[in-house]
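Inspection log for the structure reproduced underneath, given as structure tokens.
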Amino acid sequence: IVFVLSSLSSPNKKKTPKKKNDKTKALDSESQIKKKKMPIKVLSSLDAARIQWYHFKAIIVAGMGLFTDAYDLFCIAPVMKMISHVYYHGDSINTAVLSTSYAIALLGTATGQLVFGYLGDRVGRRRVYGLCLVIMVISSFGCGFSVCTTRRSCVMVSLGFFRFILGLGIGGDYPLSATIMSEFANKRTRGAFIAAVFSMQGLGILVSSAVTMAVCVAFKRGGGGGLEEEVVPPEADVAWRLILMIGALPAALTFYWRMLMPETARYTALVENNIVQAAKDMERVMSITDDISDETTTETPPPPPPLPPSYTLFSLRFLRLHGRDLFAASVNWFLVDVVFYTSNLLLSQIFSHYSDIPSSSTAENVYDAAFRVAELGAIIAACSTIPGYWFTVYFIDKIGRVKIQIMGFFFMAVVYLVAGIPYTWYWSKHEQTKKGFMVLYGLVFFFSNFGPNTTTFIIPAELFPARFRSTCHGISGAAGKLGAIVGTVGFLWATKKADDGDDMNKVYPDVNRMRAAFLILGGVCIAGIFVTYFFTKETMGRSLEENEHEQERVNNDESEDEPQNVGRQSSASTLLQTQ
């Protein structure tokens with residue numbers, strides 16, 4: 001249609017515009033690129049700013065959301081142990097109920113990442129950030145006040161509802177925490193700051209285990225100390241509720257400081273096109289070494305902000321510029337969460353098999369059952385998970401994101417293959433190897449966090465333009481939570497052991513299934529190596545705007561290499577590019 005209209009209108013014109021030669025076109029293209037890259041002092045000052053107190057304050061305030069995330073998502077294992085004693089009289093919970101209880105919070109998290117990630121780009125990071133925290137706090141208390149104390153179906157439905165709402169708040173906190181920290185940080189230590197925010201998950205897991213053990217010990221001693229296995233005290237129904245509610249306290253304490261945080265300068269300047277306000281906000285909370293006084297006053301107008309991209313989310317131009325990055329971030333997060341959440345689910349199964357506790361102790365009381373699960377989580381967090389996080393904090397801006405991600409996937413694959421290939425004839429047969437197997441399996445959590453579990457959180461916060469950053473991070477995270485659902489629910493049903501009698505719904509992997517699980521997880525890690533190597537780009541040492549402009553420069557270079565058509569075809573292509 002454009003071609004026909006242009007051909008019909010051209011004979012009626014007495015004067016035709018003078019065609020631009022190649023030199024004029026090159027100058028116009030260069031001027032447009034320079035206009036887009038016009039520096040904004042407040043942003044360049046943030047990239048060059050020295051490390052100061054506000055950076056650490058932002059880490060703590062932003063990290064408390066991920067602390068609550070880890071606390072609530074990982075305390076559910078000992079809580080489900082207690083619920084099985086209180087409402088199921090010590091029997092194993094039905095596989096369908098158990099898988100639903102795990103999946104519903106993950107589904108809420110994925111939904112929250114998509115919804116609040118999008119709102120973070122449309123409304124602003126700061127406004128949505130406070131809403132997510134309120135949702136987390138209220139739903140955490142709601143989990144503890146789940147209605148009914150006698151009917152287990154009523155309790156599970158109520159608990160599932162509040163955990164879904166909790167997942168919404170947790171999911172929203174993922175893209176907003178990463179985006180806010182990346183936009184406040186300088187380019188030299190940006191990776192370490194985002195990794196430090198994410199490392200609060202390790203502290204959340206450790207505190208979750210510590211609180212569970214403390215509550216179990218306190219209630220056991222308060223009930224007389226020597227509880228019989230067959231007797232479930234009524235106070236146990238209060239204990240698991242208390243564990244869930246305590247997780248809301250750290251996040252609630254940071255609500256005041258979260259509301260005092262200004263909007264990020266990059267969102268204010270690049271999305272809202274208000275450079276004056278961005279400069280004022282940063283001068284209020286940070287010490288900026290460069291002179292940005294001309295941007296904080298309205299008497300001398302600041303330079304105009306760079307032209308916003310002319311394309312929309314998921315347009316052809318967006319997919320051409322950022323589709324590969326979004327694909328790599330989403331697939332890598334999907335793969336690592338399949339491994340990470342399945343490994344956590346395998347953990348209690350493996351260590352109950354390799355521990356020194358005799359099998360006759362399966363009738364332990366409600367507090368001892370939850371205590372052992374929490375104790376195991378504390379050991380893994382202290383020995384593997386937390387060290388892995390802080391290794392990443394130290395090395396992320398020295399080695400780079402891509403190298404750490406490939407290294408983590410590689411060593412996780414090695415551990416799973418070493419554990420899986422000889423599992424049937426070596427690890428499961430020799431008693432003297434059980435301590436070595438525990439140490440070997442603990443390396444999975446170390447290299448997961450000193451590897452893709454952390455880098456997949458960092459990279460999406462650095463690759464995309466400011467007006468798409470939170471949305472694309474939410475999409476990548478939602479893909480990861482989909483992988484977590486696949487790994488968790490798939491594992492529970494794949495390892496469901498159907499025997500006769502009372503063990504009909506008992507979930508426990510036998511030797512062959514355990515070996516298959518290890519080999520499959522090793523294959524998933526190998527797939528992660530290939531996706532990272534071929535599709536993931538390095539972002540270390542560059543500003544967020546440099547990462548964005550590199551994509552536009554590459555696209556402009558490719559378009560300049562194409563033959564330039566003139567006349568009617570040139571007009572048609574120009575109109576199509578602007579749509």
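Excluded from the calculations below are hydrogen atoms, water molecules and symmetry mates; all remaining heavy atoms, backbone and side chain alike, are included. For clarity, every value in this text was computed on a predicted model and none was experimentally measured.
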Take a 6.0 Å sphere around CZ of Phe318 and say whether it holds more than 12 heavy atoms from other residues, nucleotides or ligands. yes

I'd like a table of donor-acceptor pairs (distance under 3.5 Å, sequence neighbours excluded) in which one partner is a side-chain atom from residues 411-422, with atom names and distances.
{"unit_1": "Tyr416", "atom_1": "OH", "unit_2": "Ser343", "atom_2": "OG", "d": "2.2"}

Go through the side-chain N and O atoms of Tyr71 and Ser140 and say whether any donor and acceptor fall under 3.5 Å apart. no

Basic-acidic side-chain contact under 4.0 Å: Asp397, Arg188: no

Taking it one step at a time, do Ser101 and Leu159 satisfy side-chain contact (heavy atoms from CB on, under 4.5 Å)? CA-CA 8 Å; Ser101 66; Leu159 180 61; over 6 Å; no

Over all atoms of both residues, closest heavy-atom pair of Met245 and Gly144: CG-CA, 3.6 Å

Is the side chain of Ser208 donor-acceptor paired with the backbone N or O of Gly204 at a distance under 3.5 Å, no angle test? no

Got a sec, which residues hit ring pair (Phe, Tyr, Trp, His ring centres under 6.0 Å) with Phe334, two or more places apart in sequence or on another chain? none

Starting from the C-alpha separation in whole Å, work towards a yes-or-no answer on ring-ring contact (aromatic ring centres under 6.0 Å, His included) for Phe446 and Phe391. CA-CA 9 Å; Phe446 176 80; Phe391 265 70; 5.2 Å; yes

Is there a donor-acceptor pair under 3.5 Å between the side chain of Asp121 and the backbone N or O of Ser470? yes

Residue set satisfying side-chain contact (heavy atoms from CB on, under 4.5 Å) with Pro460, at least two apart, ordered chain then number -> Ala329, Trp333, Phe464, His473, Ser476

Can you list the steps and then say if Ser182 with Arg469 is a side-chain contact (heavy atoms from CB on, under 4.5 Å)? CA-CA 10 Å; Ser182 69; Arg469 187 168 294 137; 4.1 Å; yes

Parallel, tilted or perpendicular: ring planes of Phe445 versus Tyr441, cut at 30 and 60 degrees: perpendicular

Checking side chain to side chain contact (heavy atoms under 4.5 Å, CB included) against Phe450, which of Ile404, Leu443, Thr385 comes through? Ile404

Taking only Lys NZ, Arg NE, NH1 and NH2, and the carboxylate oxygens of Asp or Glu, determine whether Arg401 and Glu462 approach each other closer than 4.0 Å. yes

Closest non-hydrogen atom pair, Met213 against Ala378: CE-CB, 4.1 Å

I'd like to check the side-chain hydrogen bond (donor to acceptor under 3.5 Å, both in side chains) partners of Thr536; sequence neighbours left out, ordered by chain and number. Asn332

Inspect the surroundings of OH in Tyr118 and state if more than 12 heavy atoms from other residues, nucleotides or ligands are less than 6.0 Å away. no

Would you name the heavy atoms of Ala196 and Val393 that are closest together and state the gap between them? N-CG2, 3.7 Å

Please find the pair of heavy atoms, one from Ser330 and one from Leu326, that lie closest to each other, and give the distance. OG-O, 2.8 Å

Between Thr454 and Asn449, is there a side-chain donor-acceptor contact under 3.5 Å, judged purely by atom types and distance? no

Let me know which of Leu166, Asp69, Ile170 forms a side chain to side chain contact (heavy atoms under 4.5 Å, CB included) with Thr109. Ile170

Across all chains, not counting sequence neighbours, the side-chain hydrogen bond (donor to acceptor under 3.5 Å, both in side chains) partners of Thr254 are none

Apply side-chain contact (heavy atoms from CB on, under 4.5 Å) to the pair Val115 and Leu168, showing each step before the final yes or no. CA-CA 9 Å; Val115 173; Leu168 292 176; 6.0 Å; no

Set out, in order, the CA-CA distance, both residues' side-chain angles and the distance that settles ring-ring contact (aromatic ring centres under 6.0 Å, His included) for His55 and Phe193, then state yes or no. CA-CA 8 Å; His55 287 128; Phe193 286 158; 5.0 Å; yes

Report yes if some heavy atom in the side chain of Lys220 is under 4.5 Å from a heavy atom in the side chain of Asp368; otherwise report no. yes

With a 4.5 Å limit on heavy-atom distance, are the side chains of Glu546 and Lys187 in contact? yes

Under the 6.0 Å and 45° cation-pi test, does Lys81 pair with Tyr367? no

I need the full list of side chain to side chain donor-acceptor pair (under 3.5 Å) pairs touching residues 158-170, with sequence neighbours left out, sorted by first then second residue. none

Please assess Phe198 against Asn453 for the test side-chain contact (heavy atoms from CB on, under 4.5 Å), listing each intermediate value before the final yes or no. CA-CA 9 Å; Phe198 194 66; Asn453 191 44; 3.8 Å; yes

Heavy atoms only: give me the nearest Val336-Ser448 pair and the separation to one decimal. CG2-OG, 4.5 Å

With the side chain counted from C-beta on, respond yes when Phe67 and Val197 share a heavy-atom pair under 4.5 Å apart, and no when they do not. no

Shortest non-hydrogen contact between Ser199 and Tyr389, atoms and distance: CB-CB, 3.6 Å

What do the steps show when you test Glu183 against Arg125 for salt bridge (charged side-chain N to carboxylate O under 4.0 Å, His left out), and what is the final call? CA-CA 10 Å; Glu183 293 180 346; Arg125 286 74 156 115; 2.7 Å; yes

